[in-house]
Amino acid sequence: MPRPAKETVISKRDIGARVRELRKARDLSQGKLAALLAVAATNVSAIERGVRGLSLQQLAKLAKALDVPPGDILNGHSSPRRASGPLPHRFERIRELPRVKRRVLFEIIDAFLDKHLPTSRA
């Protein structure tokens with residue numbers, strides 16, 4: 001069986017760098033991601049360092065834990081459906097709260113911002 005062209009091979013180091021970037025964008029520690037995956041934190045570290053590769057099943061599980069399509073891990077391009085970083089992830093979680101609890105949370109956030117930022121309301 002012929003080997004794939006070199007430009008189609010994805011290195012473990014590249015995948016590891018993408019996993020690290022996606023993990024940090026979601027404000028997850030290696031330990032917390034490992035807990036989501038039900039693996040040891042050393043496994044996550046080995047993946048991020050490019051020492052350990054991923055099976056298709058592991059890729060699917062990792063993509064689900066990071067809440068991205070598997071292609072984002074493989075090709076390094078974030079899908080346009082989702083902004084990266086911890087805030088969009090938190091906004092999505094807040095959106096899942098019942099309306100009354102969201103309102104309470106917004107009141108807490110507003111009080112915090114009013115205390116720590118200069119007022120600039122029009």
Side-chain angles (χ1 to χ4, degrees):
M1 181 174 207
R3 292 180 58 121
K6 190 157 181 90
E7 60 270 8
T8 62
V9 175
I10 304 167
S11 75
K12 291 186 278 187
R13 190 180 332 185
D14 288 344
I15 289 174
R18 292 177 192 136
V19 169
R20 180 182 302 112
E21 180 183 322
L22 290 165
R23 175 183 60 78
K24 287 183 175 185
R26 278 144 188 82
D27 203 24
L28 292 172
S29 66
Q30 285 184 343
K32 195 166 189 176
L33 179 58
L36 289 172
L37 298 170
V39 300
T42 54
N43 288 346
V44 174
S45 173
I47 291 166
E48 290 186 0
R49 289 181 289 124
V51 174
R52 185 169 186 267
L54 295 170
S55 69
L56 289 176
Q57 292 83 2
Q58 292 166 332
L59 174 64
K61 195 173 181 181
L62 183 59
K64 185 174 182 181
L66 292 170
D67 196 24
V68 296
D72 285 7
I73 295 171
L74 294 176
N75 66 28
H77 301 294
S78 295
S79 37
R81 69 178 178 91
R82 162 179 239 114
S84 63
L87 283 178
H89 176 69
R90 288 184 176 124
F91 291 144
E92 288 180 24
R93 292 184 65 205
I94 290 168
R95 214 177 293 140
E96 295 172 7
L97 291 170
R99 186 173 48 178
V100 173
K101 292 190 181 209
R102 276 196 316 257
R103 192 175 313 137
V104 171
L105 181 59
F106 292 147
E107 288 174 9
I108 293 168
I109 292 170
D110 288 341
F112 180 89
L113 293 174
D114 288 345
K115 180 176 180 180
H116 296 286
L117 294 175
T119 306
S120 62
R121 296 183 186 198

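Positions are given from 1 along the sequence. Side chains are part of it too, since the values below use all heavy atoms of this structure and drop only hydrogens, waters and symmetry mates. Note that the coordinates shown come from a computational prediction; the quantities given were computed from them, not determined experimentally.
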### Task
Specify the closest pair of heavy atoms between Leu37 and Ala65, including all atoms of both residues, with the distance to one decimal.
CD2-CB, 3.7 Å

#### Entry: Interatomic distance, Leu36 atom CG to Leu66 atom CG [nearest 0.5 angstrom]
8.5 Å

### Query
Looking at Ala41 and Gly31, what are the two nearest heavy atoms and their distance?
CB-CA, 4.2 Å

### Task
Flag yes if more than 12 heavy atoms outside Arg102 fall under 6.0 Å of its CZ atom; otherwise flag no.
yes

#### Entry: Reported CD1-to-CG distance for the pair Ile108 and Leu113, which is rounded to 0.5 angstrom
12.0 Å

### Summary
What one should report as the nearest heavy-atom pair of Gln58 and Gly53 is OE1-O, 3.9 Å

### Leu22 side, atom CG; Asp67 side, atom CG - distance, nearest 0.5 Å
10.5 Å

### Message
Please report the interatomic distance CG(Asp72) to CD(Glu21), rounded to the nearest 0.5 Å.
### Response
10.0 Å

### Query
Hey, any chance Phe112 and Leu97 share a hydrophobic cluster, counting ILVMFWY side chains that come within less than 4.5 Å of each other, even indirectly?
yes

### Query
Should Ile73 and Ile10 be counted in the same cluster of Ile, Leu, Val, Met, Phe, Trp and Tyr side chains packed under 4.5 Å apart?
yes

### Query
To the nearest 0.5 Å, what is the distance between CG (Leu59) and CG (Leu74)?
5.0 Å

### Message
Please report the interatomic distance CG(Asp114) to CD1(Ile109), rounded to the nearest 0.5 Å.
### Response
12.0 Å

Only distances under 3.5 Å count here; give the side-chain donor-acceptor pairs of residues 44-52 to other protein atoms, sequence neighbours excluded, each with its distance to 0.1 Å.
from: Ser45; atom 1: OG; to: Arg49; atom 2: NE; distance (Å): 3.1
from: Glu48; atom 1: OE1; to: Arg23; atom 2: NH2; distance (Å): 3.1
from: Glu48; atom 1: OE1; to: Gln30; atom 2: NE2; distance (Å): 2.7
from: Glu48; atom 1: OE2; to: Arg23; atom 2: NE; distance (Å): 2.5
from: Glu48; atom 1: OE2; to: Arg23; atom 2: NH2; distance (Å): 3.4
from: Arg49; atom 1: NE; to: Ser45; atom 2: O; distance (Å): 3.3

## Note on the structure
In terms of heavy-atom contacts, Pro69 and Ala63 come closest through C-CB, 4.1 Å

### Query
Side-chain heavy atoms under 4.5 angstrom apart, residues restricted to Ile, Leu, Val, Met, Phe, Trp, Tyr: same cluster for Leu117 and Leu105?
yes

